[in-house]
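FYI, the numbering just counts along the sequence from 1. A quick note: this is a predicted structure, and the numbers were derived from the prediction, not measured.
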Amino acid sequence: MFTEQGRPVPGSVFVTRRIRAAGLALLRAAGARVSVWEGPEESRPSRAEVVAGARGADVGLGLLTEQIDGEVLRANPTLRGVANYAVGV
């Protein structure tokens, strides 16, 4: 779906772990509804929590430590995109 200006209509984004506030602010400023896994900062979500968190989201934004793979995609057919939050060469 696109706006009259040809831009994609913002949807919902599930983020598997807390990222920098500036990144979340960019997503929200673009109109995205953002949900972030709410577990302890020093831990990571379980596989079941990633599958459940992505339920109903349009985009999954995972860190290098969480896989958004075929299992997650099959369980969440509304996902239209997957992004990886990481750095490196």
Side-chain angles (χ1 to χ4, degrees):
M1 298 168 70
F2 294 89
T3 65
E4 291 178 11
Q5 295 79 24
R7 295 188 177 129
V9 173
S12 60
V13 179
F14 170 64
V15 185
T16 60
R17 292 177 60 185
R18 284 181 222 139
I19 61 172
R20 297 182 63 95
L24 295 175
L26 284 171
L27 292 169
R28 290 182 175 123
R33 295 177 313 278
V34 180
S35 63
V36 182
W37 177 70
E38 294 293 328
E41 194 168 326
E42 63 280 349
S43 66
R44 60 185 197 206
S46 69
R47 186 71 157 159
E49 289 170 319
V50 171
V51 170
R55 194 157 291 124
D58 296 306
V59 175
L61 173 58
L63 276 68
L64 189 59
T65 52
E66 291 82 48
Q67 291 185 349
I68 299 180
D69 59 10
E71 177 186 352
V72 177
L73 296 174
R74 282 188 297 279
N76 294 287
T78 62
L79 281 174
R80 299 185 297 168
V82 173
N84 181 27
Y85 183 88
V87 297
V89 182

N/O donor-acceptor pair under 3.5 Å between Arg18 side chain and Gly39 backbone: yes
Cluster check Val82, Val13: I/L/V/M/F/W/Y, side chain < 4.5 angstrom: no
Distance, nearest 0.5 Å, that separates CG of Leu64 from OG1 of Thr16: 10.0 Å
Distance (rounded to the nearest 0.5 Å) between Arg20 CZ and Leu26 CG: 11.5 Å
Test side-chain contact (heavy atoms from CB on, under 4.5 Å) applied to Ile19 - qualifying residues, sequence neighbours left out: Val15, Leu24, Leu61, Leu63, Tyr85
Partners passing side chain to side chain donor-acceptor pair (under 3.5 Å) against Ser43 (at least two apart in sequence or in another chain): none
Minimum-distance pair of heavy atoms, taken over all atoms of Thr65 and Arg44: CB-NH1, 3.8 Å
Which atom of Ser12 lies closest to which atom of Ala57, heavy atoms considered: OG-CA, 3.1 Å
If you look only at distance, which donor and acceptor atoms sit under 3.5 Å apart when one is on a side chain in residues 47-54 and the other is two or more places apart or in another chain?
from  : atom 1 : to    : atom 2 : distance (Å)
Arg47 : NE     : Glu71 : OE1    : 3.1
Arg47 : NH1    : Gln67 : O      : 2.9
Arg47 : NH2    : Asp69 : OD1    : 2.5
Arg47 : NH2    : Asp69 : OD2    : 2.5
Arg47 : NH2    : Glu71 : OE1    : 3.2
Glu49 : OE1    : Ser46 : N      : 2.7
Glu49 : OE1    : Ser46 : OG     : 3.3

Phe14 backbone acceptor or donor facing Ser35 side chain under 3.5 Å: no
Transitive ILVMFWY side-chain link Trp37 to Val34, under 4.5 Å: no
